[in-house]
Amino acid sequence: MSYAYLGLGSNVGDRKAQLDQSIRILNETEGINVTQTSPIYETEPVGYVEQPQFLNQCIEIETSLTPHDLLKACLRTEQQLHRVRDIRWGPRTLDVDILLFEEQIIDEDDLIIPHPRMLERSFVLIPLNDIAPDFTEPHTNKKIRDLVMLDNSVKQYKG
């Protein structure tokens, strides 16, 4: 079994329900076992800013899937929750990103791990730090806790 960390985000519809459903769907996928979930954070949109705030969360999984098969499972989960890709960084019912897959570095046309913008995004690093502070990011060789940026716009969601 391998382990991986996924980033989840939603800003359309019942955002919390979308995150909860995505975790359930992923956990019910053969070859995936969700082992940890971070608290949920409410964040401002990035890129295309004329849209509602996001709820973001990170999860840790154990998996027997390859990174490419995990990507397929993530995309299927997005589709099950009616993800539409009209605007880059636009509104979405669900976004599932593979952030880390063990200490692997993958740079292919269809898959880049670690996630290429992970280190620039507090809304990823803060919840990731909640569940994996001692994980060493393979490009920087720094622990997640040392990469976290304080960001007052990322607030824990109280529901």
Side-chain angles (χ1 to χ4, degrees), residues 1-11 14-43 46-47 54-83 85 89 92-151 154-157 159:
M1 287 292 242
S2 300
Y3 58 90
Y5 295 94
L6 307 180
L8 310 175
S10 175
N11 76 334
D14 187 337
R15 301 169 302 164
K16 178 155 183 336
Q18 303 279 22
L19 296 179
D20 293 344
Q21 285 182 293
S22 68
I23 292 169
R24 181 186 51 76
I25 291 167
L26 288 163
N27 201 45
E28 292 173 355
T29 300
E30 187 172 337
I32 296 176
N33 180 40
V34 176
T35 53
Q36 284 194 82
T37 61
S38 76
I40 297 171
Y41 291 87
E42 191 162 33
T43 63
V46 172
F54 277 84
L55 291 186
N56 292 98
Q57 184 174 28
C58 289
I59 63 173
E60 176 188 72
I61 64 167
E62 289 179 342
T63 184
S64 59
L65 301 178
T66 67
H68 282 89
D69 287 338
L70 178 58
L71 175 62
K72 290 175 190 170
C74 293
L75 293 172
R76 277 194 309 271
T77 301
E78 290 179 352
Q79 289 170 347
Q80 283 183 278
L81 294 174
H82 311 291
R83 166 79 186 261
R85 294 177 185 269
W89 297 320
R92 61 203 71 166
T93 55
L94 180 67
D95 187 30
V96 181
D97 291 325
I98 302 173
L99 304 174
L100 299 158
F101 194 100
E102 300 210 334
E103 289 81 19
Q104 292 187 36
I105 295 175
I106 300 171
D107 190 353
E108 299 176 6
D109 289 342
D110 63 338
L111 182 60
I112 300 174
I113 300 174
H115 189 280
R117 290 171 297 284
M118 179 179 86
L119 299 180
E120 304 163 11
R121 295 180 170 169
S122 296
F123 64 83
V124 170
L125 291 173
I126 290 172
L128 184 59
N129 184 60
D130 289 328
I131 59 173
D134 294 321
F135 184 88
T136 300
E137 193 281 330
H139 285 301
T140 63
N141 287 319
K142 291 184 178 179
K143 294 191 181 299
I144 296 300
R145 71 169 169 255
D146 297 326
L147 295 168
V148 173
M149 305 160 280
L150 293 177
D151 186 339
V154 178
K155 297 180 179 10
Q156 194 161 349
Y157 180 68

S.K.: Can you tell me which residue pairs pass the ring pair (Phe, Tyr, Trp, His ring centres under 6.0 Å) test with a partner in residues 119-146, sequence neighbours excluded?
M.R.: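 Every pair satisfying ring pair (Phe, Tyr, Trp, His ring centres under 6.0 Å) with a residue in residues 119-146: Y5-F135.
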S.K.: Measure across T140 and L119 and return the closest heavy-atom pair with its distance rounded to 0.1 Å.
M.R.: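 The pair with the smallest heavy-atom distance is CG2-CD1, 3.7 Å.
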S.K.: Taking side chain to side chain donor-acceptor pair (under 3.5 Å) as the test, write out the residues that go with K155, two or more places apart.
M.R.: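 By the side chain to side chain donor-acceptor pair (under 3.5 Å) rule, K155 matches no residue at all.
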S.K.: Donor-acceptor pair, E102 side chain versus Y3 backbone, under 3.5 Å?
M.R.: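 Pair found, side chain donor or acceptor close to backbone of Y3.
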S.K.: Applying side chain to side chain donor-acceptor pair (under 3.5 Å), can you list everything that pairs with D130, at least two apart in sequence or on another chain?
M.R.: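 Once residues adjacent in sequence are excluded, the partners of D130 under the side chain to side chain donor-acceptor pair (under 3.5 Å) criterion are Y41.
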S.K.: Ignoring hydrogens and angles, tell me if any N or O in the side chain of Q36 forms a donor-acceptor pair with the backbone of I131 under 3.5 Å.
M.R.: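 Between the backbone of I131 and the side chain of Q36 there is a qualifying donor-acceptor contact (under 3.5 Å).
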S.K.: Which pair of non-hydrogen atoms, one from I144 and one from L125, has the smallest distance, and what is that distance?
M.R.: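 So the minimum-distance heavy-atom pair works out to CG2-O, 4.2 Å.
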S.K.: List in chain and number order the residues that pass salt bridge (Lys or Arg N to Asp or Glu O under 4.0 Å) with K142, two or more places apart in sequence or in another chain; answer none if no residue qualifies.
M.R.: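 Testing K142 for salt bridge (Lys or Arg N to Asp or Glu O under 4.0 Å), a comparison that skips the adjacent residues, returns none.
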S.K.: How many angstroms lie between atom OG1 of T136 and atom CG of D146, to the nearest 0.5 angstrom?
M.R.: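 The distance works out to 9.0 Å.
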S.K.: Do any N or O atoms from the side chain of E78 and from the backbone of V96 form a donor-acceptor pair under 3.5 angstrom?
M.R.: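 Yes, the answer is positive, given that a donor and an acceptor are paired below the 3.5 Å cut-off.
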S.K.: Please enumerate all residues that pass salt bridge (Lys or Arg N to Asp or Glu O under 4.0 Å) together with R76, with sequence neighbours excluded.
M.R.: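 Counting only residues at least two positions away or on another chain, R76 forms no salt bridge (Lys or Arg N to Asp or Glu O under 4.0 Å).
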S.K.: Under the side-chain contact (heavy atoms from CB on, under 4.5 Å) test, which residues partner D110, sequence neighbours left out?
M.R.: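 With sequence neighbours excluded, D110 shows a side-chain contact (heavy atoms from CB on, under 4.5 Å) to H68, E108, given in chain and number order.
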S.K.: State, to 0.1 Å, how close G7 and C58 come at their nearest heavy-atom pair, and which atoms those are.
M.R.: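 Nearest pair, atom of G7 first, then C58: CA-SG, 4.3 Å.
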